[in-house]
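The structure displayed is predicted, hence computed values, not measured ones.
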Amino acid sequence: MEKGLVSIDRWVKGSQAYFLTHLHADHTRGLSPLWTLGPLFCSPITARLLPSRFPGLDSSLIRVLEIGLTHSITLISKCSGSEVHILVTPIDANHCPGAVMYLFRGEFGTVLHTGDFRWELDSERAQLARRNLLDALGGERVDLLYLDNTYCHPFFSFPTREVAAQQVVDFIKQHPNDEIIIAVDNLGKENLLVYISQALGVKIWVWPERLKTMHILGLDDIFTTDTSLTRVRAVPRYSFTLDTLEGLNTICPTIGIMPSGLTWGSLAFEKDIGYVGLSESEGHSGEKSKNNRKRSTNGNIKLAGDQIKPPWKFQEYSYSFPYSDHACFSEIQELMRTVLPKNVFGIVSASSFDIHPCHHFDNLNCELCTVSGSEISTKVRGNHLDASFRNKLNRRAVLHQNLNRSNVKCGRHLQPSASKTNRNEGCTEKG
DNA sequence: GCGATCAGAT
DNA sequence: CACATCTGATCGC
């Protein structure tokens, strides 16, 4: 596609149409309530959430695209001055509420931008997304795939969110006398909270802004801002620190739950970074015991591959569960097989795992793209990357070893500096 | 004083 | 590390 026509999650001058995949902050950098640069295309749910994120945003610029339908857009080529017809099909990305992928078709070829996505094909929702995608493709391959490569490495293996949610529920049930806090962002992981609420028959505390978001999403009776009503609270991830947990534990026993795909991989396991089997975990006693710390290194069960069982105790009071809103490697693999991209470009370039996606998909006959800014500038074959690939893998291994050591030292590296106070007391305090 | 941008933090 | 987010400093208007 020629330059100057469309931007996806990119909010700078120079395009005629702007597409938003979802409302996470790292995809809206540059977008502000003063936005005037062009029409903003998004899904219906994103459109409903937009005013709360960007109060005063000119609503006449918002173009709502129904998911699964193909929409026709006409733009003007800056090169030739002639009309450019673009077909765009938003596909449910199964990431956070409102998140979509965009499939673009036109004379330029077929381009799929996944935004951030999950691809759990045993869920009906993802099956429908896959059908919509295949229908829109009509048997064609994707020429250029912009891929959510967050977990694009065989290293990353974790279960579906439903399985992970059940693991969280089982864990909470095993700790009936503890307060529970769960780290979440401003958007996403709602289904985990709903699942917990329904399984345990409790409401979930959220901070006031988050409650507004829940109401916009139509989740009316499950959440509360009254801490006296429940022992389960969702708190902003940035307030989820060792300091916060220690502080809370001086008042009453409190366990932190970190839902994330980040730490769930087979390499981490080989390096023995301290997974704790579910049956091995024990009731939280509230004591800052060296025993507990020992448990995360000495008491873990060594399992292999998909036998890994959460939770992983990564801090004195905190456990990680493999609940991820990003696709694991096998799901990325499935998407690649579905669209058979001729060229691939990873959209998460800041990741330490920025090995090019094609490295893992030699058999797909796809080109390796590197980028300069937002423009695709060169295309080279992938095999020469072996050295850097190994380096990055080694770096990751060292990283996880360090992580392990830090855990033994009670997460020293995660402690905020002594001068810092808890920035979000209001979100975590009792009463 | 406000918005944009960046560094630094978890 | 950094899934995404927040705070605080700085700069230009």
**Request:** Starting at atom CZ of A:R53, determine the distance to atom P of C:dT5, rounded to an integer number of angstrom.
**Result:** 7 Å

**Message:** What is the separation between atom CH2 on A:W207 and atom P on C:dT5, rounded to the nearest whole Å?
**Reply:** 10 Å

**Prompt:** Could you give the CG-to-C1' distance, from A:L34 to C:dC13, as a whole number of Å?
**Reply:** 14 Å

**Request:** Please round to the nearest 0.5 Å and tell me the distance separating atom NE2 of A:H113 and atom CG of A:L147.
**Result:** 10.0 Å

**Prompt:** When all nucleic acid strands are considered with a 4.0 Å heavy-atom cut-off, which category describes A:R29: base, sugar-phosphate, or nothing?
**Reply:** base

**Between P of C:dC3 and CZ of A:F240, the distance in whole Å** = 17 Å

**Request:** Can you tell me the distance, in whole Å, between the CG atom of A:D243 and the C1' atom of B:dA9?
**Result:** 13 Å

**Asked** According to the interplanar angle, ranging from 0 to 90°, do the rings of A:F314 and A:W312 count as parallel (below 30°), tilted (30 to 60°) or perpendicular (above 60°)?
**Response** tilted

**Prompt:** When the distance from CE of A:M258 to C1' of C:dC1 is rounded to whole Å, what number comes out?
**Reply:** 13 Å

**Prompt:** At their closest point, which heavy atom of A:L61 faces which heavy atom of A:G38, and how far apart are they?
**Reply:** CD2-O, 3.9 Å

**Asked** Which of these nucleotides, B:dA4, C:dA4, C:dC1, is closest to any side-chain atom of A:H24?
**Response** C:dA4

**Request:** Give the nucleotide from the list C:dC3, C:dA4, C:dC6 with an atom nearest to the side chain of A:H22.
**Result:** C:dA4

**Asked** What nucleotide among C:dT5, B:dA4, C:dA4 has an atom nearest to a side-chain atom of A:S32?
**Response** B:dA4

**Prompt:** Expressed in angstrom and rounded to an integer, what is the separation of A:I347 atom CD1 from C:dA4 atom C1'?
**Reply:** 14 Å

**Prompt:** If you look only at pairs with a residue in residues 155-166 of chain A, which of them pass as a salt bridge (Lys or Arg N to Asp or Glu O under 4.0 Å), with sequence neighbours excluded?
**Reply:** A:E120-A:R161, A:R161-A:D325

**Request:** Enter the distance from A:R118:CZ to A:Y151:OH here, rounded to the nearest 0.5 Å.
**Result:** 9.5 Å

**Message:** Using a heavy-atom cut-off of 4.0 Å across all strands, would you classify A:S324 as base, sugar-phosphate, or nothing?
**Reply:** nothing

**Message:** For C:dC6 and A:S239 - does any side-chain N or O of the residue sit under 4.0 Å from the phosphate oxygens OP1/OP2?
**Reply:** no

**Sugar-phosphate, base or nothing in reach of A:N186, heavy atoms under 4.0 Å** = sugar-phosphate

**Asked** Side-chain N or O of A:H326 less than 4.0 angstrom from OP1 or OP2 on C:dC3?
**Response** no

**N/O (side chain, A:H95) to phosphate O (OP1/OP2, C:dC3) under 4.0 Å** = no

**Message:** Tell me if the side-chain of A:S260 makes a donor-acceptor pair with the base of C:dC3, cut-off 3.5 Å, by modelled atom types.
**Reply:** yes

**Message:** Distance check needed: C:dT7 C1' versus A:Y238 OH, whole Å only.
**Reply:** 10 Å

